[in-house]
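Worksheet for the structure shown next.
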Amino acid sequence: MKDEIDEFFETYLDSKPIFKNKQYLQANYIPNSILHRENEIKQMAKILAPALKGDKPSNLFIYGKTGTGKTLSAMYFAKKLTETANKNKEMRNLDFNVKVIYLNCKLKRIADTEYRLVAQLAREFGKDIPATGLPTDEVYKIFNQAIDCEKQIIILILDEIDQLIKKTGDEIIYSLTRMNSDLKKAQISIIGISNDLMFTDHMDPRVKSSLSEEELMFPPYNAVQIQQILRNRADLAFVENVIENGVIEKCSALAAREHGDARRALELLRVAGELSERENSDKLTIKYVDEAENKIERDRVFDIVGTQPKQFQAVLFSILVSSKNKKGYILTGEIYSCYKEICNNAGLRPLTQRRVSDILAELDMLGIINAKITSKGRYGRTREISLAIPSNTTKKVMKTLKEKLE
DNA sequence: GTCAATTCACATGAAAGAGACCACGGTCTAGTG
DNA sequence: CTAGACCGTGGTCTCTTTCATGTGAATTGACGA
């Protein structure tokens, strides 16, 4: 036993490293120049440049599919803007600050409700806000005072703003834009980033127009562009010549298949690298890319399954059970009756059908199941549900769920 | 045969509740000088 | 006298329930050709 471990460590230490610096493949790494987004960044600069002169820039709304570089460009731009502003301030002795704040609205417990968003903003300005307990308008007041003590332009980047608005309504944007009229010295501009263009349809037209005074579209990358991006990063991250021919092509092809998602391509490459490192291989071969694809999917599913509440898991379990007993589509009603039985066996209080219906919709959003609403005429209207995860993953999920629900 | 009404089996919305968490301010208690 | 313990009130947040309303096409049934 001991020998085995020793041996493993030795070979591990002896093996030549594949990675030079893995950090360059991480999603939060901001490169010094962003390929194929020069135009978009230039546009952003044009729209937001007034901040440098102390004027409030227009609000900006950025949209585009996932992995098209929206967040990255915004971060990059934020960095540049603050740098320039600081330099400018010293050189010309200006009397105002430019501050860029980035918040991801999807982050649980940080910025996914109105209260938390404003609280987080106030914290950015050094105020101590409790996680709960205060009235929301109190927090607004604190934030207001915190920023209005000196002349400054605040640019607020709200990433995945669609999630926030879908969940809590659009008054947040309204309140934030309206704050400007209450502020004497400071001004706030909002950059909203979303990958769902349609969500603005449900918004109050006034809010909509004030949020998208300017709009910017990020088109998907094509396969060639993704390849270039990957090459660029791979050169930084990997030791030379460890990547076999075709690996980059394969990663980008897989990612391009899904609307040119560069983030996915990078993740594939990174995970493939990690897998080959783990096996002490000194080459990154195509084989590992395939494995990486499976692993990413599996990890994602397990992550969701693990973090969701019990009732979620029970519903998912009943989907798994009923999909095993029946091929083709399953209907909501079938799942619900199966679910009730499972709850009885597990000593769980079953939820109403209303709630289960919502849970099914959420599972669909998460991409664990495919649900399509169809009308069967006289025989009602329901979801046609099928699993969206490969069968070898379902088996494992089923096993863990079974244990959990006992 | 045609066309509008009906009907089913849920979907979808809105509102409100339960229970957990927490801040704030007031009151009570115990320890201190 | 003062610090800390202990309420009560009022706030947010998540998960749920309750009640109400919406929905799309297969089916039905009246109607006219």
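Note that this is a predicted model, so its numbers are computed, not measured. In what follows, every chain begins at residue 1, and chains take the letters A, B, ... in the order their sequences are listed.
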How about A:Thr177 and A:Val207: do any of their side-chain heavy atoms sit closer than 4.5 Å?
no
Students often get this wrong, so: under 4.0 angstrom with heavy atoms, is A:Gln311 touching a base, only sugar-phosphate, or nothing?
sugar-phosphate
Any side-chain heavy atom of A:Ile62 within less than 4.5 Å of one from A:Met44?
yes
Base contacts versus sugar-phosphate-only contacts with protein, heavy atoms under 4.0 Å: please encode nucleotides 16-27 of chain B as B, S and - from 5' to 3'.
-----BBS----
Cationic tip of A:Lys70 above A:Phe218 ring, under 6.0 Å, 45° of axis:
no
Any base atoms under 4.0 Å from A:Asp112, or only sugar-phosphate, or nothing? Heavy atoms, all strands.
sugar-phosphate
For A:Arg383 and A:Gly377, find the nucleotide of DNA chain B closest to each by heavy atoms; which residue's nucleotide sits nearer the 5' end?
A:Gly377
Partners passing ring pair (Phe, Tyr, Trp, His ring centres under 6.0 Å) against A:Phe19 (at least two apart in sequence or in another chain):
A:Phe238
What are the 5'-most and 3'-most nucleotides of DNA chain C lying under 4.0 Å from any heavy atom of chain A?
C:dG10 to C:dT28
With a 4.0 Å cut-off, would you call A:Asp137 and A:Lys141 a salt bridge?
no
Assuming nearest nucleotide by heavy-atom distance, tell me which of A:Lys108 and A:Pro135 is located more 5' along DNA chain C.
A:Pro135
Is the shortest heavy-atom distance from the side chain of A:Leu103 to the side chain of A:Ile101 under 4.5 Å?
yes
Please list, in numerical order, the residues of residues 366-376 of chain A that have a heavy atom closer than 4.0 Å to any atom of DNA chain B.
A:Ile373
Can you see which heavy atom on A:Ile369 is nearest to which on A:Leu360, and at what distance?
CD1-O, 3.6 Å
Tell me, please, whether A:Tyr288 has A:Lys295 positioned over its six-membered ring: NZ or CZ under 6.0 Å from the ring centre and within 45 degrees of its axis?
no
In plain terms, say whether A:Asp170 and A:Lys208 are close enough for a salt bridge, that is, a side-chain N and a carboxylate O under 4.0 Å apart.
no
Flag this pair as yes if the NZ/CZ of A:Arg37 is under 6.0 angstrom from the six-membered ring centre of A:Tyr221 and inside a 45 degree cone about the axis; otherwise no.
yes
Could you check A:Lys250, A:Lys287, A:Arg300, A:Arg257 and say which one makes a salt bridge (charged side-chain N to carboxylate O under 4.0 Å, His left out) with A:Glu293?
A:Arg257
Does A:Tyr63 have any ring pair (Phe, Tyr, Trp, His ring centres under 6.0 Å) partners at least two apart in sequence or in another chain, and if so, which?
A:Phe61
Given side chains that start at C-beta, do those of A:Leu176 and A:Tyr174 come closer than 4.5 Å, heavy atoms only?
no
Using a 4.0 Å cut-off on heavy atoms, which residues in residues 348-365 of chain A reach DNA chain B? List them by number, or say none.
A:Gln353, A:Arg354, A:Ser357
For atom CZ of A:Arg378 and atom P of B:dC8, their distance in whole Å
5 Å
